[in-house]
Amino acid sequence: AYAASIDVVAPGSSGRVTGELRNANTGSLLAVPAVLQLGSSATLALPGEQMLYALRALPGNHSLKVSAEGYAPLEVAGLNLVAGQTQVRNLNLVPICHLIEDSASSGLGNFSAQPPWGIGTTRFHSAPAAFTDSPDGDYAANADTALTLVPLDLRDVSNVHLAFQSWCDTEAGFDRGRVEISTNGSVWTEVWSCSGSAEWQPVDLDLGALDDAASAHIRFRLTSDGAVQREGWSIDDLVVTGAGAICGGTPDGLFASGFE
């Protein structure tokens with residue numbers, strides 16, 4: 001079943017596109033609602049015996065955009081609609097899944113930690129612990145240390161995202177917590193930073209630059225000057241997600257060479 005589309009043009013002067021929505025990995029009909037947009041026309045497709053959609057637009061080339069919870073966004077470009085004609089476009093959406101989940105409850109097995117990075121049990125978002133740059137007190141002057149996730153093999157993985165909880169008690173404007181990424185472990189790009197935020201805050205980062213990377217690196221780096229030292233940076237409830245054939249089961253080959 002599908003919700004009626006919002007037609008902004010008369011049927012006789014418009015082209016129509018319709019089709020099914022399926023899970024690209026399993027081939028089954030989508031089991032969650034999906035929002036589809038074609039120009040200024042939109043529809044909500046609802047799960048049912050037939051997961052169908054239907055949209056109209058003026059003749060010409062259009063892009064069809066599809067979004068559904070738990071799936072990577074899909075855009076189909078180059079839809080050439082002809083007045084009075086219907087095109088059938090069955091669409092396959094690629095599911096998103098958790099590639100890494102770590103709430104610091106099982107140690108540092110997923111990381112390479114520069115001292116004094118470690119596990120802290122006095123400041124956490126979810127019990128019993130969090131990752132922290134200075135588990136034994138305030139961070140040092142002129143610090144530059146990192147907690148680095150083991151390299152990930154993300155070949156054939158798209159829509160990579162990183163989410164975590166951040167407590168960033170640093171000298172505001174001077175000392176910073178930094179999230180950096182790399183595809184070779186040598187050249188790093190900063191994608192987010194924090195400073196002087198002494199409260200738990202959710203962070204959600206689009207790491208599309210790591211899509212399809214054979215060796216994807218993510219690190220959390222604390223830097224400080226020599227003036228004021230504070231409690232430091234704590235990180236909890238870390239999740240890396242991605243979309244692709246890998247979803248539906250995490251194979252042994254997720255970690256890049258050299259890690260298990």
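In this structure, T170 contributes its side chain and D175 its backbone to a donor-acceptor pair below 3.5 Å. Checking side-chain atoms of Q114 against main-chain N and O of A146 turns up a donor-acceptor pair under 3.5 Å. Counting only distance, with no hydrogens or angles, the side chain of R22 and the backbone of G27 share a donor-acceptor pair below 3.5 Å. No side-chain donor-acceptor contact under 3.5 Å links N25 to the backbone of V94. In this structure a side-chain-to-backbone donor-acceptor pair under 3.5 Å is missing from T121 to P128. For S224 (side chain) and A143 (main-chain N/O), a donor-acceptor pair under 3.5 Å exists by modelled atom type. Under the 3.5 Å distance criterion, the side-chain polar atoms of E171 are left unmatched by any main-chain donor or acceptor of G173.
Residue E199 places its CD atom among more than 12 non-hydrogen atoms of other residues, nucleotides or ligands, all under 6.0 Å distant.
For residues 212-241, no pair satisfies disulfide bond (SG atoms under 2.5 Å apart), with sequence neighbours left out. Listed by first and then second residue, the side chain to side chain donor-acceptor pair (under 3.5 Å) pairs that reach into residues 179-189 are E180-R219, E180-R221, S182-N184, sequence neighbours excluded. The salt bridge (charged side-chain N to carboxylate O under 4.0 Å, His left out) analysis of residues 118-131, with sequence neighbours excluded, yields the pairs R123-E231. Sequence neighbours left out, not one pair with a member in residues 78-90 passes side chain to side chain donor-acceptor pair (under 3.5 Å). Note on residues 163-203: pairs passing disulfide bond (SG atoms under 2.5 Å apart), not counting sequence neighbours, are C168-C194. Among pairs with a residue in residues 35-72, none fulfils disulfide bond (SG atoms under 2.5 Å apart), at least two apart in sequence or across chains.
Think of W200 as one node in a network of Ile, Leu, Val, Met, Phe, Trp and Tyr side chains linked at under 4.5 Å; its network also takes in W167.
Among V66, N23, N92, the single residue meeting the side chain to side chain contact (heavy atoms under 4.5 Å, CB included) criterion with Y71 is N23. Here the options are L79, L64, L81, the test is side chain to side chain contact (heavy atoms under 4.5 Å, CB included), and the partner is L55; only L64 passes. Partner of W117 under the side chain to side chain contact (heavy atoms under 4.5 Å, CB included) criterion, out of L147, T148, L108: L147 alone. Shown are T43, L74, L44, V76; of these, the side chain to side chain contact (heavy atoms under 4.5 Å, CB included) with L36 is made only by T43.
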task = Report the C-alpha separation of F111 and V150 in whole Å, then their side-chain angles, then the decisive distance to 0.1 Å, and conclude whether the side-chain contact (heavy atoms from CB on, under 4.5 Å) test is met.
result = CA-CA 5 Å; F111 296 88; V150 295; 5.9 Å; no
request  = Show your working on side-chain contact (heavy atoms from CB on, under 4.5 Å) between L99 and L154 and close with a plain yes or no.
outcome  = CA-CA 9 Å; L99 306 178; L154 298 181; 3.8 Å; yes
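Note: I181 CD1 to L210 CG = 4.0 Å, rounded to the nearest 0.5 Å.
Taking the ring pair (Phe, Tyr, Trp, His ring centres under 6.0 Å) definition, one finds that F164 meets it with W192, F220, sequence neighbours left out. The side chain to side chain donor-acceptor pair (under 3.5 Å) test applied to N159 returns no partner, not counting sequence neighbours. For H62, there are no side chain to side chain donor-acceptor pair (under 3.5 Å) partners at least two apart in sequence or on another chain. Applying the side chain to side chain donor-acceptor pair (under 3.5 Å) test to E190 and every residue at least two apart in sequence or in another chain returns R178. The side chain to side chain donor-acceptor pair (under 3.5 Å) search around D169 returns R230, not counting sequence neighbours.
Residues E75 and K65 form a side-chain contact, since some pair of their non-hydrogen atoms from C-beta on lies under 4.5 Å apart. Contact check for V35 versus Q37: no side-chain heavy atoms found under the 4.5 Å cut-off.
The two atoms that bring D236 and A129 nearest to each other are OD2-O, 3.2 Å, heavy atoms only.
Grouping the Ile, Leu, Val, Met, Phe, Trp and Tyr side chains by contacts below 4.5 angstrom, directly or via other members, places F124 apart from L238.
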